[in-house]
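Okay, here's the structure, questions in a sec.
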Number of protein chains: 2
Amino acid sequence: MRSKPDISLEACTYSHVLEIISNKWTALAIYAMEDGEIRYGEMMRRIEGISQKMLTQTLKRLERDGIVNRKLTPAVPPTTEYSLTPLGESLLPLMTALKVWADQHLDTVKQARSSYDSLKS
Amino acid sequence: MRSKPDISLEACTYSHVLEIISNKWTALAIYAMEDGEIRYGEMMRRIEGISQKMLTQTLKRLERDGIVNRKLTPAVPPTTEYSLTPLGESLLPLMTALKVWADQHLDTVKQARSSYDSLKS
DNA sequence: CTGCATCCGTGGCGATACTG
DNA sequence: CAGTATCGCCACGGATGCAG
């Protein structure tokens with residue numbers, strides 16, 4: 001019996017979720033907002049090593065996906081508050097689950113890597 | 001008041017998990033193995049659109065991370081069976097959680113995207 | 001059958017400079 | 001303060017050909 005392809009990128013829904021949250025800075029941006037509203041500059045200061053360009057780009061994507069709310073106050077100087085939408089907050093349990101797995105198993109992964117690398121050297 | 005960065009890529013453990021599972025074909029490869037051992041060629045046939053190079057590369061990474069087991073039978077022609085390790089199986093609940101979220105909220109994301117795009121056009 | 005080697009295009013990301 | 005614009009690097013991934 002020969003099988004036809006039954007696993008596709010389009011049909012695999014969790015691949016699409018990963019597209020949303022797997023960008024380099026996305027998880028950190030969400031993490032910065034989990035306690036409520038936060039200003040652009042405050043995020044810059046809290047997230048180590050992020051550039052203005054990447055913060056802007058990351059937030060824009062999240063806003064487009066309906067995960068983040070952008071509240072602009074046009075004054076001089078202007079202020080912008082970012083916060084999670086209900087949709088964004090629904091991601092938090094997922095992130096937590098990832099974190100739990102990480103805390104339990106990341107050491108094992110690191111060990112597997114180093115033993116694999118030492119064998120192949 | 002916090003003025004120092006307290007969120008970093010290194011310290012954020014779920015960023016590391018994402019590095020493991022967020023490659024383009026990784027989720028699909030794991031998905032193909034969730035029912036048990038499967039041969040290389042069988043995976044090629046089941047996963048739509050994957051190339052040999054990417055399947056090999058994906059499996060190698062997963063093997064290095066201790067997520068996948070590789071059982072080579074050197075015959076003519078050779079056969080190779082891939083399967084999830086216990087560590088790999090511990091990822092399945094995570095994938096399921098992603099899938100559940102996807103099924104519940106992916107439509108909302110798509111709507112948010114199209115309404116965002118129509119506003120910005 | 002199960003890979004590895006190579007070329008190459010695309011896009012993510014960083015650094016820097018500029019603006020309302 | 002909160003962005004935009006531009007340049008350049010490099011890893012990811014696709015296509016193709018070769019090998020044990």
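These numbers come from the heavy atoms of this one structure, side chains and all, not from hydrogens, waters or symmetry mates. Since this is a predicted model, take the numbers as computed values, not measurements. Chain letters run A, B, ... following the sequence lines, proteins first, then strands; residues in each count from 1.
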Task: Protein-nucleotide distance (B:Gln57, atom CD; D:dG13, atom C1'), rounded to Å - done: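 For the pair B:Gln57 CD and D:dG13 C1', the rounded distance is 7 Å.
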Open item on the list: Looking only at the side chain of A:Thr79 (C-beta and beyond, no hydrogens), which of the listed nucleotides C:dC13, D:dA2, D:dT4 gets closest?
Closed with: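 Taking heavy atoms from C-beta onward, the closest nucleotide is D:dA2.
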TODO: Measure the acute angle between the ring planes of A:Tyr14 and B:Tyr31, then classify it against the limits of 30° and 60° as parallel, tilted or perpendicular.
DONE: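 Ring orientation, 0 to 90° scale: perpendicular.
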Open item on the list: Whole angstroms only, please: what is the CG-P distance between A:Leu59 and C:dC13?
Closed with: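 About 14 Å, once rounded to whole Å.
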Open item on the list: Tell me the interatomic distance from A:Lys71, atom NZ, to D:dC1, atom P, rounded to whole angstroms.
Closed with: 18 Å
Open item on the list: Strictly below 4.0 Å: does A:Trp25 bring a side-chain N or O up to OP1 or OP2 of C:dG12?
Closed with: no
Task: Heavy-atom side-chain proximity of A:Glu10 to A:His16 below 4.5 angstrom - done: yes
Task: For atom CD of B:Gln52 and atom C1' of D:dG13, their distance in whole Å - done: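 Taking atom C1' of D:dG13 as the reference, CD of B:Gln52 is at 15 Å.
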Open item on the list: By nearest atom, which of the nucleotides D:dG13, C:dG3, C:dC13 is closest to the B:Thr56 side chain?
Closed with: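 Nearest to the side-chain atoms of B:Thr56, counting from C-beta on, is C:dG3.
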Open item on the list: Would the distance check show the side chain of B:Tyr82 and the main-chain N or O of B:Ala32 forming a donor-acceptor pair, the cut-off being under 3.5 Å?
Closed with: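 No, B:Tyr82 side chain to B:Ala32 backbone: no donor-acceptor pair under 3.5 Å.
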Task: Residue A:Thr80, side-chain heavy atoms: nucleotide from D:dG13, D:dG3, C:dG3 that is nearest - done: D:dG3
Task: Minimal non-hydrogen separation, A:Pro78 against A:Arg39, with atom names - done: O-NH2, 4.1 Å
Open item on the list: Can you identify which nucleotide, out of C:dC13, D:dG20, C:dG3, has its nearest atom closest to the B:Pro78 side chain?
Closed with: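 Between C:dC13, D:dG20, C:dG3, the one nearest the side chain of B:Pro78 would be D:dG20.
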Open item on the list: Tell me the interatomic distance from A:Leu9, atom CG, to D:dC12, atom P, rounded to whole angstroms.
Closed with: 17 Å
Open item on the list: Reading DNA chain D from 5' onward, which residue's closest nucleotide shows up sooner: A:Arg39 or A:Lys60?
Closed with: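 The answer here is A:Arg39.
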Open item on the list: Determine whether a donor-acceptor pair (N or O, by modelled atom type, separation under 3.5 Å) exists between the side chain of A:Thr85 and the backbone of A:Asn69.
Closed with: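 No.
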Task: 5' precedence on DNA chain C between A:Gly49 and A:Pro77 (nearest-nucleotide basis) - done: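 Looking at the nearest nucleotide for each, A:Gly49 comes out on the 5' side.
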TODO: Send over the distance from A:Leu72 CG to D:dA2 C1', rounded to a whole Å.
DONE: 9 Å
Task: Between D:dG13 (P) and B:Leu28 (CG): distance, integer Å - done: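 Spelled out: CG on B:Leu28 to P on D:dG13 is 12 Å.
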Open item on the list: Side-chain N or O of A:Tyr82 versus OP1/OP2 of D:dC1: is the shortest distance under 4.0 Å?
Closed with: no
Task: Spacing between B:Tyr40 atom OH and C:dC4 atom C1', to the nearest angstrom - done: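 In whole Å, C:dC4 C1' lies 10 Å from B:Tyr40 OH.
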Open item on the list: Is there a continuous path of hydrophobic side-chain contacts, each under 4.5 Å between heavy atoms, that joins B:Val100 to A:Leu87?
Closed with: no
Task: Angle by which the axis turns from one end of the helix from C:dC1-D:dG20 to C:dG20-D:dC1 to the other, five pairs per end, to 10 degrees - done: 40°
Open item on the list: For a quick check, tell me whether the side chain of A:Lys53 and the base of C:dG14 share a donor-acceptor pair closer than 3.5 Å.
Closed with: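 Under the 3.5 Å cut-off, the side chain and the base do form a donor-acceptor pair.
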Task: A:Ile47-A:Leu92 co-clustered via ILVMFWY side chain contacts under 4.5 Å - done: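 Yes, A:Ile47 connects to A:Leu92 through the hydrophobic network.
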